[in-house]
Amino acid sequence: MDSLNPREQQEFTRLIEQKQMKDFMRLYSNLVERCFSDCVNDFTSNKLTSREQTCITRCSEKFLKHSERVGLRFQEQNAAMGQGLGR
């Protein structure tokens, strides 16, 4: 990034931020869709049942833990690849 002028660096940073926001929104959308589909069954009320609430809490926690773990593994792989290239 040192080879970029300040304007190019600013544009590059903006693009990275946009990508991160898109990734976050995709993660959030997948979480909502998955947990809603798996947990919400009763459409006779405008409120969630206690069973549905518990299911959604567990589902979202599990989904986020999984996403965090995948992210950590991805970082580990990138670090290992970076070390391999630096030799």
Side-chain angles (χ1 to χ4, degrees):
M1 210 160 120
D2 292 336
S3 64
L4 301 176
N5 67 43
R7 185 174 173 269
E8 292 170 330
Q9 287 179 3
Q10 188 177 28
E11 179 66 18
F12 183 74
T13 301
R14 187 183 66 75
L15 291 172
I16 295 293
E17 289 171 354
Q18 282 181 338
K19 172 136 178 44
Q20 288 174 335
M21 181 56 82
K22 271 186 176 178
D23 290 345
F24 172 76
M25 294 306 293
R26 187 175 338 115
L27 175 73
Y28 180 76
S29 179
N30 289 340
L31 167 68
V32 169
E33 183 178 342
R34 171 105 184 243
C35 293
F36 183 85
S37 296
D38 288 352
C39 297
V40 179
N41 313 36
D42 182 9
F43 295 98
T44 60
S45 172
N46 64 351
K47 295 184 180 180
L48 296 172
T49 65
S50 63
R51 184 169 178 248
E52 289 170 334
Q53 287 177 334
T54 301
C55 180
I56 287 175
T57 299
R58 287 182 182 153
C59 177
S60 58
E61 287 173 356
K62 188 175 182 178
F63 188 91
L64 293 173
K65 284 180 184 178
H66 170 75
S67 296
E68 180 181 2
R69 188 172 181 142
V70 168
L72 289 173
R73 295 295 174 255
F74 184 72
Q75 287 176 347
E76 290 170 2
Q77 290 293 324
N78 279 344
M81 286 174 42
Q83 288 177 352
L85 293 175
R87 291 181 185 174

Members sharing Met25's hydrophobic cluster (side chains within less than 4.5 Å): Met21, Phe24
Distance (rounded to the nearest 0.5 Å) between Thr13 OG1 and Gln10 CD: 7.5 Å
Distance in Å, Leu31 CG paired with Lys62 NZ, rounded so as to fall on 0.5 Å steps: 13.0 Å
Arg14 and Glu11: CA distance, side-chain angles, deciding distance, salt bridge (charged side-chain N to carboxylate O under 4.0 Å, His left out) verdict: CA-CA 5 Å; Arg14 187 183 66 75; Glu11 179 66 18; 2.5 Å; yes
By salt bridge (charged side-chain N to carboxylate O under 4.0 Å, His left out) - contacts of Arg34 (at least two apart): Asp38
pair Glu68-Leu64: side-chain heavy atoms closer than 4.5 Å: no
CD-NZ distance between Gln53 and Lys47, expressed to the nearest 0.5 angstrom: 10.0 Å
Approximate separation, where rounding is to 0.5 Å, of Arg51 CZ and Thr54 OG1: 9.5 Å
Worked check of salt bridge (charged side-chain N to carboxylate O under 4.0 Å, His left out) between Glu76 and Arg73: CA-CA 5 Å; Glu76 290 170 2; Arg73 295 295 174 255; 3.0 Å; yes
Gln9 (side chain) donor-acceptor with Leu4 (main chain) under 3.5 angstrom: yes
Distance (rounded to the nearest 0.5 Å) between Phe36 CZ and Ser60 OG: 14.5 Å
Cys pair Cys55, Cys39: SG separation below 2.5 Å: yes
